[in-house]
Amino acid sequence: MDKAIEDFDRHMAVERNLSPLTRKSYLIDLKQFRAFLQKNHASLSQGDRQEPSEVDYLVIRSFLGALHREKLAKTTIGRKVAALRTFFNFLLREGRVKANPAVLVQTPKAEKYMPTFLSVDDMNILLGAPHPADARGLRDRAILELFYSAGIRLSELTGLNLEAIDDAQELLKIHGKGRKIRIVPVGRQALTALKAYLEKRDPLLRPEANRPDSPVFLNNTGRRLTPRSVQRILDRAVLASGINRKIGPHALRHSFATHLMDAGADLRSIQELLGHESLSTTQKYTAVSVSRLMEVYDKAHPKARGGPKDT
């Protein structure tokens, strides 16, 4: 099993060109499965080695049963099923197993959820929250403006480099999921905040931090800002704004998409801006807009609450 996982990792990196984050997630899932085999299915082992060719769908079902007993989210379990299917597909093509046992296992149906987002008024309040006038304060303001203006993911923001900014064209070059590149417009207010931060960025710099491939957003030691640090920045801004809610970076991306939808933007355009591979992923914002429309209708229409009918 160890050799198979090692070869699969090489396949993901070289042949499929998957991102380091995707590779890491798959490896975590496979190593968890390997540990499960060691603990619960010793009969599949030869010495200290587990043989992938001895794994059948009943073994995988018992693994998923253990995950359910740990009360893991269905989305997490679904990702682990996907990792096992991809892994055994690789081994099948290599002739190291005779069949893919994971294809017989049903993926748990993911729970439907409505994206968390802010209203336009709350978004304006958040963006208007006070920040210090130093480099760090300007950085924090630029981060919030950029999240909302461009609708980018947290990983895309922290991975943003100086060369990605086209100030003249008001565009950003974003390296998204699966190493896909997309070009997104960014509003003038966000560009103004970004320019103000970059002009005072010097106190945070390391000697090499002005190269084109250097990160835009730096921490106190002059290194690339981490996702956890961005969450802390957002937490401070939410507290300063007086919005009594827990807001994550993804809520700003959801707000970007929902507000575009409410303003009449078509679904395909929003899909391109968000970098969604599938239109079905983007369609959840339609549900959000319809839900808001029904809420307004129920509150405002005189016949919405079952009032007397016309005769």
SB check [X] [Y] (cutoff 4.0 Å):
| X | Y | result |
| --- | --- | --- |
| Arg211 | Asp213 | yes |
| Arg188 | Glu145 | no |
| Lys195 | Asp167 | no |
| Lys173 | Asp166 | no |
| Arg79 | Asp29 | yes |

Exercise for the section: Please examine the side chains of Phe256 and Leu252, heavy atoms only from C-beta on, and report whether any two atoms are closer than 4.5 Å. Expected result: no
Practice task
May I ask you to test the Val216-Arg224 pair for a side-chain heavy-atom distance under 4.5 Å?
Solution key: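 Sidechains of Arg224 and Val216: no contact.
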How would you list, by chain and number, every residue that makes a side chain to side chain contact (heavy atoms under 4.5 Å, CB included) with [X], sequence neighbours excluded?
| X | answer |
| --- | --- |
| Ser155 | Arg153 |
| Glu277 | Lys180 |
| Asn124 | Val120 |

Hey, can you pull the donor-acceptor pairs under 3.5 Å for the side chains in residues 57-69, sequence neighbours left out?
residue	atom	partner	partner atom	Å
Ser62	OG	His41	NE2	3.2
Ser62	OG	Val59	O	2.6

Handout entry: Counterpart residues, salt bridge (charged side-chain N to carboxylate O under 4.0 Å, His left out), relative to Asp7 (two or more places apart)
Key =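 In terms of salt bridge (charged side-chain N to carboxylate O under 4.0 Å, His left out), with neighbours along the sequence ignored, Asp7 is linked to Lys3, Arg10, Arg96.
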Problem - Sequence-distant partners of Phe8, ring pair (Phe, Tyr, Trp, His ring centres under 6.0 Å), two or more places apart - result: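 So Phe8 forms a ring pair (Phe, Tyr, Trp, His ring centres under 6.0 Å) with Phe87, Phe90.
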Atom [atom1] of residue position [X] - does it have more than 12 heavy atoms of other residues, nucleotides or ligands inside 6.0 Å?
| X | atom1 | result |
| --- | --- | --- |
| Glu163 | CD | yes |
| Glu70 | CD | yes |
| Asp266 | CG | yes |

Practice task
Report the distance from atom CE of Met123 to atom CD1 of Ile125, rounding to the nearest 0.5 Å.
Solution key: 10.5 Å
Is it possible for you to say whether [X] and [Y] belong to one hydrophobic cluster, with membership spreading through side-chain heavy-atom contacts below 4.5 Å?
| X | Y | answer |
| --- | --- | --- |
| Leu157 | Leu171 | no |
| Tyr26 | Val103 | yes |
| Ile183 | Ile152 | no |
| Ile247 | Leu239 | no |

Exercise for the section: List the steps, then state whether side chain to side chain contact (heavy atoms under 4.5 Å, CB included) holds for His254 with His250. Expected result: CA-CA 6 Å; His254 287 163; His250 216 62; 3.2 Å; yes
Problem - Pair Arg268, Gln271: side-chain N/O donor-acceptor within cut-off below 3.5 Å - result: yes
Problem - Backbone N/O of Leu118 and side chain of Ser255: donor-acceptor pair under 3.5 Å - result: yes
Handout entry: Which atom of Leu144 lies closest to which atom of Leu126, heavy atoms considered
Key = CD1-O, 4.3 Å
